[in-house]
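FYI, side chains are in, hydrogens and waters are out, and symmetry mates aren't considered; it's all heavy atoms of this structure.
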Amino acid sequence: MITLPYHHVTLKGGFLYEKQMLNEAVTMQAVYNRFYDTGRISAFRCDWKTGEPYRPHIFWDSDVAKWMEAAAYILHKKPDPALEEKLESLIDEIEKNQWEDGYFNTHFTVCEPENRFSGRERHELYCAGHLMEAAVGYYEATGKDRFLKLMEKYALCIEKAFVTEKTAKFSAPGHQEIELALIRMYRATGNKRYLNLAKHFLDARGYEKDGFEFSATHSQAHLPVRKQTEAVGHCVRACYMYSAMADLAFETQDKELLEVCKKLYADITEKKMYLTGGIGSTRLLETFTIGYDLLNDKAYAETCAAISLMFFAHRLLQSENNAAYADLIERILYNGMISGLSLDGKSFFYENPLEINLNNYKRFPSPDYKEKFAIPTRAELFGCSCCPPNLNRVLASLGNYIYGYENETVYVNQFADSEAEIGDMKIVQQTDYPRSGKIILKTEKVGRLCIRIPAWCENYTLNAFHTVENGYAVIENPDGEILLDLEIRPFLVESNPEIYANNGKAAVCCGPYVCAGESIDNIENLHALFIDGNFEASWKYNEALCGYTVSVKAFRKKEQKALYSKKIGEFEPFLLRLIPYAAFANRGESNMCVWFGLIPPTR
């Protein structure tokens with residue numbers, strides 16, 4: 001299917017719309033303010049001098065570029081003179097300080113101009129890619145092509161250095177991103193040179209073994225991309241590259257490359273992904289590790305990593321009409337990504353663990369704990385602040401994920417109160433999902449309607465004859481109001497027994513939400529709580545926490561004075577109170593768990 005771009009879709013209500021509006025009203029300005037305070041914005045003037053504060057960092061351009069991309073998406077939907085002025089001011093500085101041959105980078109221009117394109121791990125091409133994505137976004141949103149032309153000039157500078165004259169001292173970037181950006185440039189302009197350059201960087205990967213900051217495996221350069229079958233190394237680098245591979249396979253109809261992508265996707269989702277859709281088992285180099293190594297309190301699960309996996313799933317959905325990809329996108333949107341943003345829209349998590357034990361911070365009272373565990377409360381800025389503007393751009397373009405189409409077929413991939421037009425076809429979706437599972441769909445000139453039935457949903461009703469294909473309810477010649485009602489209720493989940501950290505434990509989900517327990521609602525020692533396998537729960541939608549709160553029948557291990565005892569299995573009833581995982585750490589520091597002990601059912 002062709003996934004429908006955000007500018008053809010208007011969100012009007014529900015969880016996704018509310019997060020989008022929070023982003024516009026609060027988060028965009030919050031991120032810009034911190035970038036302004038720390039010199040990221042002024043770096044674009046390229047006038048920094050030795051000895052002055054805020055020396056431009058090698059990846060600052062990418063931080064600002066993602067914010068610029070988000071601004072472009074917002075401007076497409078509604079005029080905002082102040083936002084447009086900020087964006088145009090940054091474009092002015094890029095135009096003013098771009099080298100004659102097209103090169104632009106705030107760090108290398110003022111700090112070490114003699115070293116451009118000399119270090120694989122210096123993030124030049126990563127920064128260039130994010131600037132290119134912002135330029136395409138601004139062009140598609142407004143029709144203004146000044147920024148796009150500046151980045152086209154930069155792309156030709158890169159082509160010259162890496163392809164025609166080969167003056168660069170490495171063949172492929174250490175941190176991937178430019179590959180998918182170049183394919184976006186190709187789609188926006190029709191200039192096949194950009195597609196070919198993206199292919200060049202992908203094909204060049206895996207043939208150099210020296211010059212890596214950590215290892216070739218860390219940068220997915222241990223093998224040529226077509227020979228890779230396991231997700232390894234830095235998670236964000238990996239999934240940005242896999243996304244580009246999927247894009248290239250789609251554009252060139254390369255079935256071999258698509259099969260490689262599907263194997264990599266399977267390795268991630270079947271062995272290396274947290275229940276929340278987070279990826280990255282260790283903050284040591286922010287990497288995948290071995291299969292089933294999914295510790296909860298030491299989970300890396302970076303916000304950007306979840307976003308990169310969502311990008312990968314979104315691209316695979318274009319090549320294969322399988323609702324499983326849209327299921328994963330929903331899992332990430334409602335859990336592993338949005339947990340990176342505070343409920344007030346002003347602060348962020350870089351890492352998103354599935355367990356917080358405040359004793360870990362008491363055990364390591366010095367700053368050393370920061371090297372061992374994620375911070376227990378969100379921050380307004382990080383030294384590496386890639387996640388906040390990544391949230392900005394995804395939230396501003398949520399319409400990208402709602403619908404798809406193929407000839408006269410329309411796919412409903414996500415549920416949100418919205419309208420969309422695809423040529424002569426039109427679809428209106430009325431729902432307050434996920435407060436309710438009731439969805440009303442109205443179509444015009446649609447020959448075939450395919451509605452995703454979420455994998456979590458065991459019971460649903462649909463008022464039209466349908467078949468089920470690849471996770472979609474398929475309705476031929478839809479007429480009148482199509483009424484779908486998804487039963488949203490809590491359910492238990494167990495993990496593969498190979499995930500040793502979760503053996504004997506269960507988690508609770510409610511519709512699209514993963515649930516978590518915090519000590520603020522329960523007891524300090526959450527590990528003393530055990531869910532009753534004869535599952536009983538009550539639930540209601542909590543507006544303040546943006547999801548369902550669930551009360552679960554459980555047991556509490558009885559307290560004892562002895563350090564060790566022969567008294568085995570002494571429990572007392574307890575009502576375990578759970579909140580949406582994405583809302584944890586919004587009410588002060590608290591212990592938190594997703595996985596709880598499970599007492600096997602008696603029936």
Engineer: Would you mind reporting whether N23 and L341 have side-chain heavy atoms less than 4.5 Å apart?
Structural biologist: no
Engineer: Looking at CG of L275 and OG of S495, how far apart are the two atoms once the value is rounded to the nearest 0.5 Å?
Structural biologist: 8.5 Å
Engineer: Could you tell me whether R34 and E380 make a salt bridge, using a distance below 4.0 angstrom between a side-chain N and a carboxylate O?
Structural biologist: yes
Engineer: How many angstroms lie between NZ in K271 and CE in M273, if you round to the nearest 0.5 Å?
Structural biologist: 14.0 Å
Engineer: Are any of the side-chain nitrogens in K298 or E351 under 4.0 Å away from the carboxylate oxygens of its partner?
Structural biologist: no
Engineer: Is Q560 atom CD crowded by more than 12 heavy atoms from other residues, nucleotides or ligands, each under 6.0 Å away?
Structural biologist: yes
Engineer: Step through it carefully: locate the ring centre of W456, locate the ring centre of F491, and say whether they are under 6.0 Å apart.
Structural biologist: no
Engineer: Between Y6 and H76, is the ring centroid distance below 6.0 Å?
Structural biologist: yes
Engineer: Regarding E487 and R489, does a basic nitrogen lie under 4.0 Å from an acidic carboxylate oxygen?
Structural biologist: yes
Engineer: With rounding to the nearest 0.5 Å, note down the distance linking CD1 in I402 to CG in L11.
Structural biologist: 5.0 Å
Engineer: At what distance, to the nearest 0.5 angstrom, does CD1 of I74 lie from CZ of R393?
Structural biologist: 13.5 Å
Engineer: Begin with the C-alpha distance, continue with both residues' side-chain angles, and end with the deciding distance and a verdict on side-chain hydrogen bond (donor to acceptor under 3.5 Å, both in side chains) for T289 and T282.
Structural biologist: CA-CA 7 Å; T289 57; T282 173; over 6 Å; no
Engineer: Do L598 and L492 pass the side-chain contact (heavy atoms from CB on, under 4.5 Å) test, and can you show the C-alpha distance, the side-chain angles, and the key distance before you say yes or no?
Structural biologist: CA-CA 10 Å; L598 178 68; L492 285 179; 4.2 Å; yes
Engineer: Taking the six-membered ring for Trp and the full ring for Phe, Tyr or His, determine whether the centres of F312 and Y240 are under 6.0 Å apart.
Structural biologist: no
Engineer: Using ring centroids (six-membered ring only for Trp), state whether F15 and Y334 fall under 6.0 Å.
Structural biologist: yes
Engineer: Would you verify whether the NZ or CZ of R237 falls within 45 degrees of the ring axis of F214 while also being under 6.0 Å from that six-membered ring's centre?
Structural biologist: no
Engineer: List the steps and the verdict of side-chain hydrogen bond (donor to acceptor under 3.5 Å, both in side chains) for N296 and N502.
Structural biologist: CA-CA 9 Å; N296 295 307; N502 294 342; 2.9 Å; yes
Engineer: Residues two or more places apart in sequence or in another chain: which of them pass side chain to side chain contact (heavy atoms under 4.5 Å, CB included) with I523?
Structural biologist: A528, L529, R556, F574
Engineer: Checking salt bridge (Lys or Arg N to Asp or Glu O under 4.0 Å) for the pair E24/K78: CA distance, chi angles, key distance, verdict?
Structural biologist: CA-CA 11 Å; E24 290 184 23; K78 63 182 72 169; 3.0 Å; yes
Engineer: Can the ring centroids of H57 and H123 be said to lie less than 6.0 angstrom from one another?
Structural biologist: no
Engineer: Are F212 and R120 close enough that some pair of their side-chain heavy atoms sits under 4.5 Å apart?
Structural biologist: yes
Engineer: Can a donor-acceptor pair be found, under 3.5 Å and without considering hydrogens, that links the side chain of S339 to the backbone of N335?
Structural biologist: yes
Engineer: Could you check whether E179 pairs with R315 (Lys NZ or Arg NE/NH1/NH2 to Asp/Glu carboxylate O, under 4.0 Å)?
Structural biologist: no
Engineer: Is the shortest distance from a Lys or Arg side-chain nitrogen in R577 or E518 to a carboxylate oxygen in the other one below 4.0 Å?
Structural biologist: no
Engineer: Without swapping roles, check the side chain of S281 against the backbone of L294 for a donor-acceptor pair under 3.5 Å.
Structural biologist: no
Engineer: Under 6.0 Å between the ring centres of H314 and Y325?
Structural biologist: no
Engineer: Compare every heavy atom of E121 with every heavy atom of S219, then report the nearest pair and how far apart it is.
Structural biologist: OG-OE2, 3.4 Å
Engineer: Answer yes or no: is there an ion pair linking E572 with K558, defined by an N-O contact shorter than 4.0 Å?
Structural biologist: no
Engineer: Using 0.5 Å steps for rounding, measure from the SG atom of C127 to the CG atom of D61.
Structural biologist: 4.5 Å
Engineer: Between E133 and K66 (salt bridge meaning N to carboxylate O under 4.0 Å), is one present in this structure?
Structural biologist: no
Engineer: Is the distance between the ring centroids of F555 and F530 under 6.0 Å?
Structural biologist: no
Engineer: Look at the side chain of Q220 and the backbone N and O of H175, then say whether any donor-acceptor pair between them is shorter than 3.5 Å.
Structural biologist: no
Engineer: Looking only at heavy atoms, which two atoms of L391 and I307 are closest? And how far apart?
Structural biologist: N-CD1, 4.1 Å
Engineer: Side chains of E286 and V236: does their closest heavy-atom pair fall under 4.5 Å?
Structural biologist: no
Engineer: At their closest point, which heavy atom of R452 faces which heavy atom of A326, and how far apart are they?
Structural biologist: CD-CB, 3.5 Å
Engineer: Please enumerate all residues that pass salt bridge (charged side-chain N to carboxylate O under 4.0 Å, His left out) together with K12, with sequence neighbours excluded.
Structural biologist: E419
Engineer: How far apart are the closest heavy atoms of F382 and I375, and which atoms are they?
Structural biologist: CE2-CD1, 4.0 Å
Engineer: Give me the one residue out of L395, I329, L309 that meets side-chain contact (heavy atoms from CB on, under 4.5 Å) with M337.
Structural biologist: L395
Engineer: Using a 4.5 Å cut-off on heavy atoms from C-beta on, say whether the side chain of I279 contacts that of Y274.
Structural biologist: no
Engineer: Just jot down the salt bridge (charged side-chain N to carboxylate O under 4.0 Å, His left out) partners of K272, sequence neighbours excluded, or say none.
Structural biologist: D267
Engineer: Looking at V594 and A516, what are the two nearest heavy atoms and their distance?
Structural biologist: CG2-CB, 4.1 Å
Engineer: Any side-chain donor-acceptor pair under 3.5 Å between T303 and N352?
Structural biologist: yes
Engineer: Looking at every heavy atom in both L343 and N586, which two are closest together, and how far apart are they?
Structural biologist: N-OD1, 2.9 Å
Engineer: First locate atom OG1 of T27, then atom CG of N392, and finally report the distance between them rounded to the nearest 0.5 Å.
Structural biologist: 6.5 Å
Engineer: Between E543 and R435 (salt bridge meaning N to carboxylate O under 4.0 Å), is one present in this structure?
Structural biologist: yes
